[in-house]
Amino acid sequence: MAFCSKCGTQLNDNVGFCPSCGTANQTQGFANANNTTPNFTQNISYQAPDVKKSTWDGGVLDTIVNSIVASLIISFTCGIATPWALCYMMDFIIGHTIINGKRLKFNGTGGSLFTNWIKWLILTIITCGIYSFWVTPRLYRWVAEHITTED
């Protein structure tokens with residue numbers, strides 16, 4: 001057994017680094033338990049990495065109003081404008097998301113989603129609904145491809 005000479009943690013002989021402080025396992029870096037006493041007098045300080053807070057800053061009332069508007073768009077158009085309603089909601093949700101201090105922005109449009117929507121609908125009809133299992137992951141991928149950060 002060996003001890004880290006920097007923090008005094010007991011180590012196995014085959015470890016390359018001290019798991020507590022990260023000091024390399026070199027002959028001068030570790031004291032052998034049989035030969036010397038580890039140095040416990042050093043003051044070790046740890047500084048956490050700079051991680052910025054991620055959050056969603058939308059409100060309850062905004063969420064309700066936007067959900068109602070999207071539902072009305074879908075209802076009044078008998079589902080034809082669903083891609084536009086989805087983009088409306090994604091713009092709201094993603095536009096209120098902040099990750100690592102940067103606000104996200106959604107740049108997808110209902111027109112660009114409509115092409116995929118029709119293709120997915122036709123494939124679902126042709127496969128008697130089997131393709132519908134692939135629609136949701138495809139939609140999530142499409143949304144993710146249209147998210148950027150504000151500069």
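- Within the model, atoms SG of Cys87 and NE2 of His146 stand 8.0 Å from one another, a figure rounded to the nearest 0.5 Å.
- Taking the side chain as every heavy atom from C-beta outward, Asp57 and Arg103 approach each other to under 4.5 Å.
- Between Leu113 and Leu139 there is a side-chain heavy-atom pair separated by less than 4.5 Å.
- Between Met89 and Ala70, the shortest heavy-atom contact is CG-CB, 3.6 Å.
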Kindly indicate, with the supporting measurements, whether the criterion side chain to side chain contact (heavy atoms under 4.5 Å, CB included) is fulfilled by Arg138 and Tyr131.
CA-CA 11 Å; Arg138 299 278 192 278; Tyr131 189 77; 3.6 Å; yes
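- Rounded to the nearest 0.5 angstrom, Leu121 CG and Ser132 OG are separated by 11.0 Å.
- In this structure, OG1 on Thr115 lies 10.0 Å from CH2 on Trp120, to the nearest 0.5 angstrom.
- The two residues Thr97 and Ile99 come nearest to each other via the heavy atoms CG2-CG1, 4.0 Å.
- Side-chain contact between Phe114 and Trp84 is present, with at least one heavy-atom pair separated by less than 4.5 Å.
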Please determine whether side chain to side chain contact (heavy atoms under 4.5 Å, CB included) holds for the pair Trp134 and Leu123, giving the CA-CA distance in whole Å, both sets of side-chain angles, and the decisive distance to 0.1 Å.
CA-CA 10 Å; Trp134 281 267; Leu123 287 170; over 6 Å; no
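- By the rule that hydrophobic residues join a cluster once side-chain heavy atoms approach within less than 4.5 Å of another member, Phe92 and Met90 end up as members of one cluster.
- Of all non-hydrogen atoms in Trp56 and Ile93, the two that sit nearest each other are NE1-O, 2.9 Å.
- Both Leu72 and Ile64 are part of a single hydrophobic cluster, where members link through side-chain heavy atoms under 4.5 Å apart.
- Residue Pro83 comes nearest to Gly110 through the heavy atom pair CB-O, 3.7 Å, listed as atom of the first residue, atom of the second, then distance.
- Atom-to-atom distance recorded for Trp117:CH2 and Trp142:CH2 is 10.0 Å, nearest 0.5 angstrom.
- How far CD1 of Ile125 is from CD1 of Ile130: 14.0 Å, rounded to the nearest 0.5 Å.
- The only member of Thr148, Asp91, Ile94 that meets side-chain contact (heavy atoms from CB on, under 4.5 Å) when paired with Asn107 is Thr148.
- Across all non-hydrogen atoms, the minimal contact from Ala85 to Ile73 is CB-CG2, 4.0 Å.
- Here the OG1-NE2 distance, from Thr63 to His96, works out to 7.5 Å after rounding to the nearest 0.5 Å.
- Ile98 and Phe106 end up in different hydrophobic clusters when Ile, Leu, Val, Met, Phe, Trp and Tyr side chains are linked at under 4.5 Å.
- Note on Phe76 and Ile68: same hydrophobic cluster, where clusters join Ile, Leu, Val, Met, Phe, Trp and Tyr whose side-chain heavy atoms are under 4.5 Å apart, directly or indirectly.
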